[in-house]
Structure formats: structure tokens, C-alpha cells
Amino acid sequence: MGIRTILLTGDAKSIAEKVGRELGIDEVEAELLPDQKLERIKALISEGRKVAMVGDGVNDAPALMHANAGIAMVRERT
């Protein structure tokens, strides 16, 4: 299908790479600040790519808004 998966995370590089390997992610970019995630999403879109982003926090909101499809995961508080 031509789908490329990229993990953009603020987590430490060693942890991100381990998770990426376990999940079969094509590319891992770690230790990113929210604005760096946003710039990466913008760059992918400017290359003509269709981008779906999944985020789990407020820090992901700017990048989620700029992706072609933004999926926000919310943990239910009990």
C-alpha cells in the first residue's frame, strides 16, 4: 500500500528505537520538541505526502492539526 510509518517522539532515543523495532516502525525520530514534530509533519506534507498522525498529549496538538488526518488518543480518567 506504500505506507511508511514514522515514530516522532520526545522520548529518549534508546527507548524510542527499542519501541520502534518492537512495533516494526520504518523510521524513528526521538528527543523532539512539539515544534520539531510540527515542522516534520509540515515537511512531509510539502513533499506531497498524505499524513495521518496519532498523538496522545497536548504537546501533539499543533502537529495533529496540520496533518491530513489527526487522531488524538485520550485516556479515560476514573
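Between Ala43 and Ser46, the shortest heavy-atom contact is O-OG, 2.8 Å. Closest heavy-atom contact between Ala72 and Leu64: CB-CD1, 4.2 Å. Across every non-hydrogen atom of Lys37 and Asp60, the tightest pair is NZ-OD1, 2.8 Å. Residue Asp11 comes nearest to Thr9 through the heavy atom pair N-OG1, 3.0 Å, listed as atom of the first residue, atom of the second, then distance.
Asn59 pairs by the side chain to side chain donor-acceptor pair (under 3.5 Å) definition with nothing, not counting sequence neighbours.
The CE atom of Met73 sits 4.5 Å away from atom CG of Asp56, with the distance rounded to the nearest 0.5 Å. Considering CD1 of Ile41 and CG of Leu44, their distance stands at 6.0 Å, rounded to 0.5 Å.
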With a cut-off of 3.5 Å and sequence neighbours excluded, list every side-chain donor-acceptor pair involving residues 19-36.
{"unit_1": "Asp26", "atom_1": "OD2", "unit_2": "Thr5", "atom_2": "N", "d": "2.8"}
{"unit_1": "Asp26", "atom_1": "OD2", "unit_2": "Thr5", "atom_2": "OG1", "d": "3.3"}
{"unit_1": "Glu27", "atom_1": "OE1", "unit_2": "Arg4", "atom_2": "NE", "d": "3.4"}
{"unit_1": "Glu27", "atom_1": "OE2", "unit_2": "Arg40", "atom_2": "NH2", "d": "3.1"}
{"unit_1": "Glu29", "atom_1": "OE1", "unit_2": "Arg40", "atom_2": "NE", "d": "3.3"}
{"unit_1": "Glu29", "atom_1": "OE2", "unit_2": "Arg40", "atom_2": "NE", "d": "2.6"}
{"unit_1": "Glu29", "atom_1": "OE2", "unit_2": "Arg40", "atom_2": "NH2", "d": "3.1"}
{"unit_1": "Glu31", "atom_1": "OE2", "unit_2": "Lys13", "atom_2": "N", "d": "3.2"}
{"unit_1": "Gln36", "atom_1": "OE1", "unit_2": "Leu33", "atom_2": "N", "d": "2.6"}

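The one candidate from Ile3, Ile45, Asn68 that meets the side-chain contact (heavy atoms from CB on, under 4.5 Å) condition with Lys50 is Asn68.
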